[in-house]
Enquirer: 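Below is one structure. I have some questions about it.
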2 protein chains.
Amino acid sequence: MSDLLERLRERGWRLTSQRRVVAEVLDGDHVHLTADEVHARAVERLPEISRATVYNALGELVSLGEVVEVSTDGRAKRYDPNAHRQHEHLVCSGCGLIRDVHPTGDPLEQLPAGERFGFTVSGVQVTYRGLCPACARG
Amino acid sequence: MSDLLERLRERGWRLTSQRRVVAEVLDGDHVHLTADEVHARAVERLPEISRATVYNALGELVSLGEVVEVSTDGRAKRYDPNAHRQHEHLVCSGCGLIRDVHPTGDPLEQLPAGERFGFTVSGVQVTYRGLCPACARG
DNA sequence: TCTTGACTTGGATTCTGTCCATCGTAGGAT
DNA sequence: ATCCTACGATGGACAGAATCCAAGTCAAGA
């Protein structure tokens, strides 16, 4: 993740202790935290960091393309730091567990021009749903 | 939509005037309404129907598989009564407009067994994003 | 018609996220 | 090393969406 901080600095991102902590919290594989969860973990390292700051930092990381917003249910958005590799998500309907998955093919190609209705199509989000091994046994 | 009411009655759905109105509102071309829009239209027919009841009825129709919830980022969930025909959605990032689209192929087949991590995969949701012609011009 | 459990109501509450005026500070300039 | 200042942080108010709850109402079977 220090790669990330390095990249951000090069792009003129002012590095504050708060932003550093948010970036550190998002480090790791298969991390899909909500903004509130990010805030909770950030508070452990920097007790006075505010929720607004976490929202700001997350929003900036998203616009910089370093983090992807994922809304898997109608609830809170989740933030996925694994933005450098194209992937989709597999969500357990039982416990909400999220796994990154890598389908074959490009789903954008599945939408013929005749089905685009003049839209400028810029992206597609694919979410597979099912039961994880633990929930399937239960 | 009387088909729907028939099916629901057979499945033991207690038919109240409120539920009937919600089902009727979802009928027709004006698909993809938010819960509040459904409530607004329901009030025209049944002035004292409450929001809670609309939320309850919508939630039940969703669990019965008669209506599909479409969550577009950050905005209110929308309810799509066109659940009997397989389709996906194309959402305008500008104004939130939703179109039903019919991609080629089955996205479930795009997820190889090796990428399922033991999950019992039961479905997949595909949402295309872009700008509608009006927002693209603006 | 009667009964009863399921349904409805509407106000309070929770959850998620944004806004804003004010204060603080990172990092370039000196 | 110190100063400046524009950008970032703060936290409480605010707003939209959805849920909860206790009390009242009613659909449908007996």
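All values derive from a computational prediction rather than experimental measurement.
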Enquirer: Please give, in whole Å, the distance from C:dG24 C1' to A:E48 CD?
Expert: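 Result: 14 Å.
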Enquirer: To the nearest Å, how far apart are B:L8 CG and D:dA28 P?
Expert: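 About 12 Å, once rounded to whole Å.
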Enquirer: Measure the shortest side-chain to side-chain distance between A:S17 and A:L46 over non-hydrogen atoms and say whether it is less than 4.5 angstrom.
Expert: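 Answer yes - side chains close enough.
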Enquirer: May I have all residue pairs that pass ring-ring contact (aromatic ring centres under 6.0 Å, His included) and include part of residues 115-138 of chain A, sequence neighbours excluded?
Expert: none
Enquirer: Give the rounded distance in Å between these two atoms: CZ of A:R20 and C1' of C:dT25.
Expert: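 Computing the A:R20:CZ to C:dT25:C1' distance gives 14 Å.
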Enquirer: Can you pull the salt bridge (Lys or Arg N to Asp or Glu O under 4.0 Å) pairs that have at least one residue in residues 111-130 of chain A, sequence neighbours excluded?
Expert: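 Those involving residues 111-130 of chain A do not exist here.
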Enquirer: Considering residues at least two apart in sequence or located in another chain, which fulfil the salt bridge (Lys or Arg N to Asp or Glu O under 4.0 Å) criterion with A:R20?
Expert: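 By the salt bridge (Lys or Arg N to Asp or Glu O under 4.0 Å) rule, A:R20 matches no residue at all.
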Enquirer: For D:dA27, take OP1 and OP2 only and decide whether either is under 4.0 Å from a side-chain N or O of B:T16.
Expert: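 B:T16 to D:dA27 OP1/OP2: no side-chain N or O under 4.0 Å.
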Enquirer: In Å and rounded to the nearest 0.5 Å, what is the CZ to OG1 distance from A:R137 to B:T120?
Expert: 10.5 Å
Enquirer: Show every donor-acceptor pair shorter than 3.5 Å between a side-chain atom in residues 54-68 of chain B and any protein atom, with sequence neighbours excluded, or say none if there are none.
Expert:
from	atom 1	to	atom 2	distance (Å)
B:N56	ND2	B:A52	O	3.4
B:E60	OE1	B:W13	NE1	3.4
B:E60	OE1	B:R19	NE	3.4
B:E60	OE1	B:R19	NH2	3.0
B:E60	OE2	B:R19	NH2	3.3
B:S63	OG	B:G59	O	2.8
B:S63	OG	B:E60	O	3.4
B:E66	OE1	B:R7	NH1	2.6
B:E66	OE2	B:R7	NH1	3.0

Enquirer: I'd like to check the salt bridge (Lys or Arg N to Asp or Glu O under 4.0 Å) partners of A:R41; sequence neighbours left out, ordered by chain and number.
Expert: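 Testing A:R41 for salt bridge (Lys or Arg N to Asp or Glu O under 4.0 Å), a comparison that skips the adjacent residues, returns none.
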Enquirer: Start with the C-alpha gap between B:T53 and B:V22, add the side-chain angles, then the distance that decides, and say whether side-chain contact (heavy atoms from CB on, under 4.5 Å) holds.
Expert: CA-CA 9 Å; B:T53 297; B:V22 169; 5.8 Å; no
Enquirer: Look at the side-chain N and O atoms of B:Q18 and state whether any lies under 4.0 Å from the OP1 or OP2 oxygen of D:dC26.
Expert: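 No.
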Enquirer: Nearest-Å distance, CZ (B:R9) to P (D:dG29)?
Expert: 9 Å
Enquirer: If an axis is fit to five pairs at each end of the helix from C:dT1-D:dA30 to C:dT30-D:dA1, what is the angle between the two, to the nearest 10°?
Expert: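 Axis angle across the helix from C:dT1-D:dA30 to C:dT30-D:dA1, nearest 10°: 30°.
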Enquirer: Respond yes when some side-chain nitrogen or oxygen of B:T53 is under 4.0 Å from OP1 or OP2 of C:dC7, and no when none is.
Expert: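 Looking at the OP1 and OP2 atoms of C:dC7, neither is under 4.0 Å from any side-chain N or O of B:T53.
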Enquirer: How many Å lie between CG on A:N56 and P on C:dC19, as a whole number?
Expert: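 Result: 10 Å.
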Enquirer: Which atom pairs link the protein and nucleotides 3-5 of chain D when you take only N or O atoms and keep those under 3.5 Å?
Expert:
none

Enquirer: Taking atom CD1 of B:I98 and atom OG1 of B:T72, what is their separation to the nearest 0.5 Å?
Expert: 5.5 Å
Enquirer: What heavy-atom pair brings B:P133 and A:G118 nearest, and what distance separates the two atoms?
Expert: CG-O, 3.6 Å
Enquirer: All N/O contacts under 3.5 Å from nucleotides 15-17 of chain C to the protein, with atom names and distances to one decimal?
Expert:
from	atom 1	to	atom 2	distance (Å)
C:dG17	OP1	A:K77	N	3.0
C:dG17	OP2	A:Y55	OH	3.2
C:dG17	N7	A:R51	NH2	3.3
C:dG17	O6	A:R51	NH2	3.3

Enquirer: Whole angstroms only, please: what is the CG-P distance between B:L15 and C:dA6?
Expert: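 B:L15 atom CG is separated from C:dA6 atom P by 17 Å.
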Enquirer: Calculate, to the nearest 0.5 Å, the distance between atoms CG and CG belonging to B:D27 and B:L4 respectively.
Expert: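 CG of B:L4 is found 8.5 Å from CG of B:D27.
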Enquirer: Could you identify which residues of residues 59-66 of chain A place a heavy atom less than 4.0 Å from some atom of DNA chain D, listed by residue number, or say none?
Expert: none
Enquirer: Once salt bridge (Lys or Arg N to Asp or Glu O under 4.0 Å) is applied, what residue pairs with a partner in residues 76-100 of chain A remain, sequence neighbours excluded?
Expert: A:E37-A:R78, A:E69-A:K77
Enquirer: Using the salt bridge (Lys or Arg N to Asp or Glu O under 4.0 Å) criterion, which residues pair with B:R51? Sequence neighbours excluded.
Expert: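 Scan of B:R51 (salt bridge (Lys or Arg N to Asp or Glu O under 4.0 Å), adjacent residues dropped) gives B:D36.
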Enquirer: Give the rounded distance in Å between these two atoms: NE2 of A:H39 and C1' of C:dT18.
Expert: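 Taking NE2 of A:H39 and C1' of C:dT18, I get 15 Å after rounding.
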Enquirer: Scan residues 60-115 of chain A for pairs that pass ring-ring contact (aromatic ring centres under 6.0 Å, His included), counting only residues two or more places apart or in two chains.
Expert: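 For residues 60-115 of chain A: A:H32-A:H89, A:H87-A:H89.
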